[in-house]
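We use all heavy atoms of the structure for the numbers below, so side chains are in, but hydrogens, waters and symmetry mates are not. Counting convention: from 1, in listed order, for ligands and their atoms alike. No experiment lies behind these values; they were computed from the predicted model shown.
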Amino acid sequence: MTVIAIDGPSGSGKSTVAQAVASRLSLAYLDTGAMYRAAALWVECNGALDQPAAMPDLVRAMPLEISLIPAAVRVLLDGQDVTETIRSSRVSAIVSRVSTVIPVRHVLVAAQQALVAANREPGIVVEGRDITTVIAPDADVRVLITASAAVRLRRRALDQLGQADAAALEATSDEVLRRDRDDATVAQFLQAPLGVTLIDSSEQTIEQTVAAVLALLPRA
Ligand code: DC
């Protein structure tokens, strides 16, 4: 049984690294951010973005299916494939309005902890903002992946817009810097707590960061 918990801000590279680690070790992979993104889309579709009190019940009843296969992550909402939609700038712009509502977090934390418990064998890589602290504080490996703000902005701009000139960086800054500021009000992912290994990926290739995470695995 192996549980690998990975936290980090947007643009830190944590999703790519977490997927690669899961594939390499043939483990399940859970992207908890995808659940918050799907929840935001669901709340928006139900016209409740301005009604925090209505959100927990909506999210509890959300018809979400999420595959845990690292090479084939698919997210279905009410039977519709929303894998790409939840990554859009539109959803990035609204997701914190839902993910910072504490009773919504209680609903998703319970769902995520149940998924971790159900996949302890052969194991699971879980990534997000509160995995090392709330979802799986007893994980075998606990990592916080960071990168400088400049590097994170550049990565997100290249990812979303295919370029990283001044206009692209400006367009992406809300999605990275403002969102991290908002998200940091409800989860602790900017500094590594005791027992969590900090990996700064600013100057690293994906492969180097993957190797750094794998090196933390307890020897059998
Ligand atoms: O990792 P991401 O950018 O796809 O996450 C989307 C949003 O979900 C992010 O703005 C913060 C929130 N989130 C959270 O609050 N807790 C998590 N465990 C994962 C994501």
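At a 4.0 Å heavy-atom cut-off, the residues surrounding ligand 1 are Lys14, Thr32, Gly33, Tyr36, Arg37, Arg87, Val95, Ser96, Ser99, Arg105, Gly128, Arg129, Asp130, Arg179, Asp183, listed by chain and number.
Here Glu175 does not pair with Arg87 in a salt bridge; the nearest charged N to carboxylate O distance is not below 4.0 Å. With salt bridges taken as basic N to acidic carboxylate O contacts below 4.0 Å, none links Asp182 and Arg179.
The number of heavy-atom neighbours closer than 6.0 Å to CD of Gln80, taken from other residues, nucleotides and ligands shown, is 12 or below.
Applying the salt bridge (charged side-chain N to carboxylate O under 4.0 Å, His left out) definition to pairs two or more places apart or across chains, those involving residues 130-151 are Arg105-Asp130, Arg120-Asp138.
With hydrogens and angles left out, the side-chain atoms of Ser92 and Arg37 include a donor and acceptor closer than 3.5 Å. Under the 3.5 Å distance criterion, with hydrogens and angles disregarded, a donor-acceptor pair is assigned to the side chains of Gln204 and Thr209.
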